[in-house]
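What follows is one structure encoded as structure tokens, with my remarks underneath.
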Amino acid sequence: MNIDHRVIALIDMDCFYVQVEQRLQPEFLGKPCGVSQYYTWKGGGLIAVNYEARDFGVKRGMRGEQAKELCPDFHIFHVQEVNGKANLNRYRDASADVFRVLNANFKLVEKASIDEAYIDLTEDVQKLKDKKLQLTINDFSTTHLAGCTTKIEDERIEILNKWLNDCQLDDEKRNYDLLLGAYLIEQIRKKIKDQTGFFCSAGIARNKILAKLCCGFNKPKKQTIFTQSDIDHIFDKTPVQKIQGLGGKAGERVVELFQVEYIGQLRKYSLDMLQTSMGEKDGCWLFNLIRGIETTPVNNRNLYKSISASKNFPGKTCLDTIDKIRTWCHHLAEDVFNRLEKDRAENKRRAKLLTVICTLATNETITRSCPINEYSIDRFANDTLRILKQYNKNSLTSNIFTPVIHHIGISAGKFLDNINTKSIADLFSKQTTKIETIISTENIINCQEEEEEEDDNEEDNNTEENILEKPTLPIQGDFFRKFQKSDEQTKIQLKSENKTTTSSSSITSFFSRYTSNENILNCSPNKIDDHYITCSKCHKSILIWNMPEHEDFHYAHELQIEENKTNSIIKSSKTIKRKNTNQTLDSFINKKSKI
DNA sequence: CATTCAAGCGGT
DNA sequence: ACCGCTTGA
């Protein structure tokens, strides 16, 4: 599979929080509304505004009172408060409703935010091709072409109709894939509406950046196709800040350094110039991006990597006594605890690391972590309080805390799976399709360095079949979960000689980095005996929250044998079909080696 | 006094 | 591990 022959969609719920509230109170459908949190101060801050209200100039971030001035009929929904703190569970639950539909219909779905999902439709489109459907304009009632900006419905239909006939008759521009992708997305959007009640918009393109960009071209309740031939003329009018990842300081840097306003203006700069100013990696990314090439994979991930609760205490509301801090530690701990318990029941996993974030009056932000040994509100609260107290300059006997605190957050992460009974074969069998690991790359500039390969494995007695058929190897870390879910993308490397790339990463690079990382951890100042457990395989003392990775290390070691066998296959054939999986070990290792 | 809360990623 | 940046409702 060529990386720029993918079909990627980005689905984005329209003013999601408002729709969630309107689903509960349908009498507000069609009326200008918004959702705000903390209504006592100037009507709270608006975090979602529907399209009816946007017509009046109401915007996200505005105060509720200000919105009322612009639009007297504006209705404000308020975020639920628990213990005096905004609670977003209602929207998380609604999000789960949407993702249930997506996951039931597609294999490769990435939860990008509470209301956004990337879908890799490449395989779905290939399967659909075999059906040789004759699609008509009626299959695309909400579809727009990125290059067609008309507001007149008849014109949309005329131009889209011509385009769809063209690419069904002669697909020389390779647009037929995108057409089929758009067809699938028309259907899933209908399904989402039918099964959840929510409207959404979508973008369909060859990569995530383009899908994300064009999703915003026609909103709400519409979808947009971005073809490769749209790139130049649209990028010529696309402000740098509109590109995902360039909305902040990085984008400002681009504008300043290159004196450009629109992303397309960067085309006149060489790869070298971009890399000199932006760094090797970012420069490479930009150079490819403005030529329509962007290879970031859609990760198969539906679960949160962390669960957190935080609250600001601005101005006079700051926390200046131990009592106040203790109370809020407890409230935040309770929120995290409740969500962790739900997560544990649903996802059979446990968070192993608690991270406390606080901002002091000195304007410094502090982040400190400690292990989670059991889920308990009091444990979370006490751990948090203990960490915060380290920054109190006042006497231990006083209730006064200096410097005052303006923000506290508690985050739980480093999840460890409990599941330990599934066989490897079971896990692998979830993915049944092939992957082609050799990718044609005429257009792709890749700046990743070659990694040295080592051949230092002795035991070569485990065949791939042996490993795959071992039924009872316990799965404790999340290595296999990632593997099973095809979380990663095959690595591409440019070979300057013949302009072909091979998937050629080595497991050894993962090892070397992991090992050095371990050494650092073993001499870290946080070393407290309680936090260590002894690994049953290597008898090393390992920090409890590093066990998932440590277990990955062992599994990776065991599978290195398989890796070596695979490498020889890759080198000797153009494509490789792997039994019962569409992932190579490379793909996993690539991610790991970045840690 | 004041967007706020939340999540992920990359650099070091 | 910790910090800053980015994004989104």
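Proteins get letters first, then strands, A, B, ... in listed order; numbering begins at 1 in each.
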What nucleic acid atoms does [X] come within less than 4.0 Å of, heavy atoms only: base, sugar-phosphate, or nothing?
| X | answer |
| --- | --- |
| A/G248 | sugar-phosphate |
| A/K212 | sugar-phosphate |
| A/Y38 | sugar-phosphate |
| A/K311 | sugar-phosphate |
| A/A250 | sugar-phosphate |
| A/R253 | nothing |

- Task: Assign each of A/G61 and A/K111 to its nearest nucleotide of DNA chain B by heavy atoms, then name whichever residue's nucleotide is nearer the 5' end.
- Result: A/G61
- Task: Tell me which of A/D282 and A/T317 sits closer to the 5' end of DNA chain B, going by the nucleotide each one is nearest to.
- Result: A/T317
Euclidean distance, atom [atom1] of residue [X] to atom [atom2] of [N] [Å, nearest integer]:
| X | N | atom1 | atom2 | answer |
| --- | --- | --- | --- | --- |
| A/E110 | C/dT7 | CD | C1' | 13 Å |
| A/D12 | C/dT7 | CG | P | 14 Å |
| A/I357 | B/dG8 | CD1 | C1' | 13 Å |
| A/L246 | C/dG8 | CG | P | 12 Å |
| A/W285 | C/dT6 | CH2 | P | 12 Å |
| A/F77 | C/dA9 | CZ | C1' | 15 Å |
| A/Y304 | B/dC9 | OH | C1' | 17 Å |
| A/L332 | B/dT4 | CG | C1' | 13 Å |

Just N and O in the side chain of [X]: are any of them under 4.0 Å from OP1 or OP2 of [N]?
| X | N | result |
| --- | --- | --- |
| A/S306 | B/dG8 | yes |
| A/K249 | C/dC5 | yes |
| A/R368 | C/dC3 | yes |
| A/K42 | B/dC1 | no |
| A/S310 | B/dC5 | no |
| A/N312 | B/dT3 | no |

- Task: Take atom OH of A/Y39 as the centre, draw a 6.0 Å sphere, and report whether it contains more than 12 heavy atoms from other residues, nucleotides or ligands.
- Result: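 No, because the 6.0 Å sphere around OH of A/Y39 holds 12 heavy atoms or fewer from other groups.
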- Message: Is it true that, when you exclude A/K42 itself, more than 12 heavy atoms of the residues, nucleotides or ligands shown sit nearer than 6.0 Å to its NZ?
- Response: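 Atom NZ in A/K42 is not crowded, with 12 or fewer foreign heavy atoms closer than 6.0 Å.
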Of the candidate nucleotides [options], which contains the atom at the shortest distance from the side chain of [X]?
| X | options | value |
| --- | --- | --- |
| A/Q244 | C/dA9, B/dC5, C/dG8 | C/dG8 |
| A/R339 | B/dA7, B/dC5, B/dC1 | B/dA7 |
| A/L88 | B/dA6, B/dT4, C/dA9 | B/dA6 |
| A/R60 | B/dC9, C/dG8, C/dC5 | C/dG8 |
| A/P314 | B/dA2, C/dC2, B/dC5 | B/dA2 |
| A/D335 | B/dA6, B/dG11, B/dC1 | B/dA6 |
| A/W41 | B/dT4, B/dC1, B/dG8 | B/dC1 |
| A/A48 | B/dA7, C/dA9, B/dT3 | C/dA9 |
| A/K85 | C/dC3, B/dA6, C/dA9 | B/dA6 |

- Query: Charged N to carboxylate O below 4.0 Å: is that the case for A/E341 and A/R344?
  - Reply: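 Yes, charged N to carboxylate O under 4.0 Å.
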- Query: Roughly how far apart, to the nearest Å, are C/dT7 and B/dT3 at atom C1'?
  - Reply: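 Looking at atom C1' only, C/dT7 and B/dT3 are 15 Å apart.
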- Taking the six-membered ring where the residue is Trp, are the ring centres of A/F28 and A/H75 under 6.0 Å apart? yes
- Message: Less than 6.0 angstrom separating the ring centers of A/F56 and A/F74, yes or no?
- Response: no
- Message: Checking side chain to side chain contact (heavy atoms under 4.5 Å, CB included) between A/I119 and each of A/I204, A/I8, A/L102, A/L10, which is the one that passes?
- Response: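 The side chain to side chain contact (heavy atoms under 4.5 Å, CB included) with A/I119 is passed solely by A/L102 among A/I204, A/I8, A/L102, A/L10.
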- Starting from the C-alpha separation in whole Å, work towards a yes-or-no answer on ring-ring contact (aromatic ring centres under 6.0 Å, His included) for A/F235 and A/Y262. CA-CA 7 Å; A/F235 275 5; A/Y262 304 107; over 10 Å; no
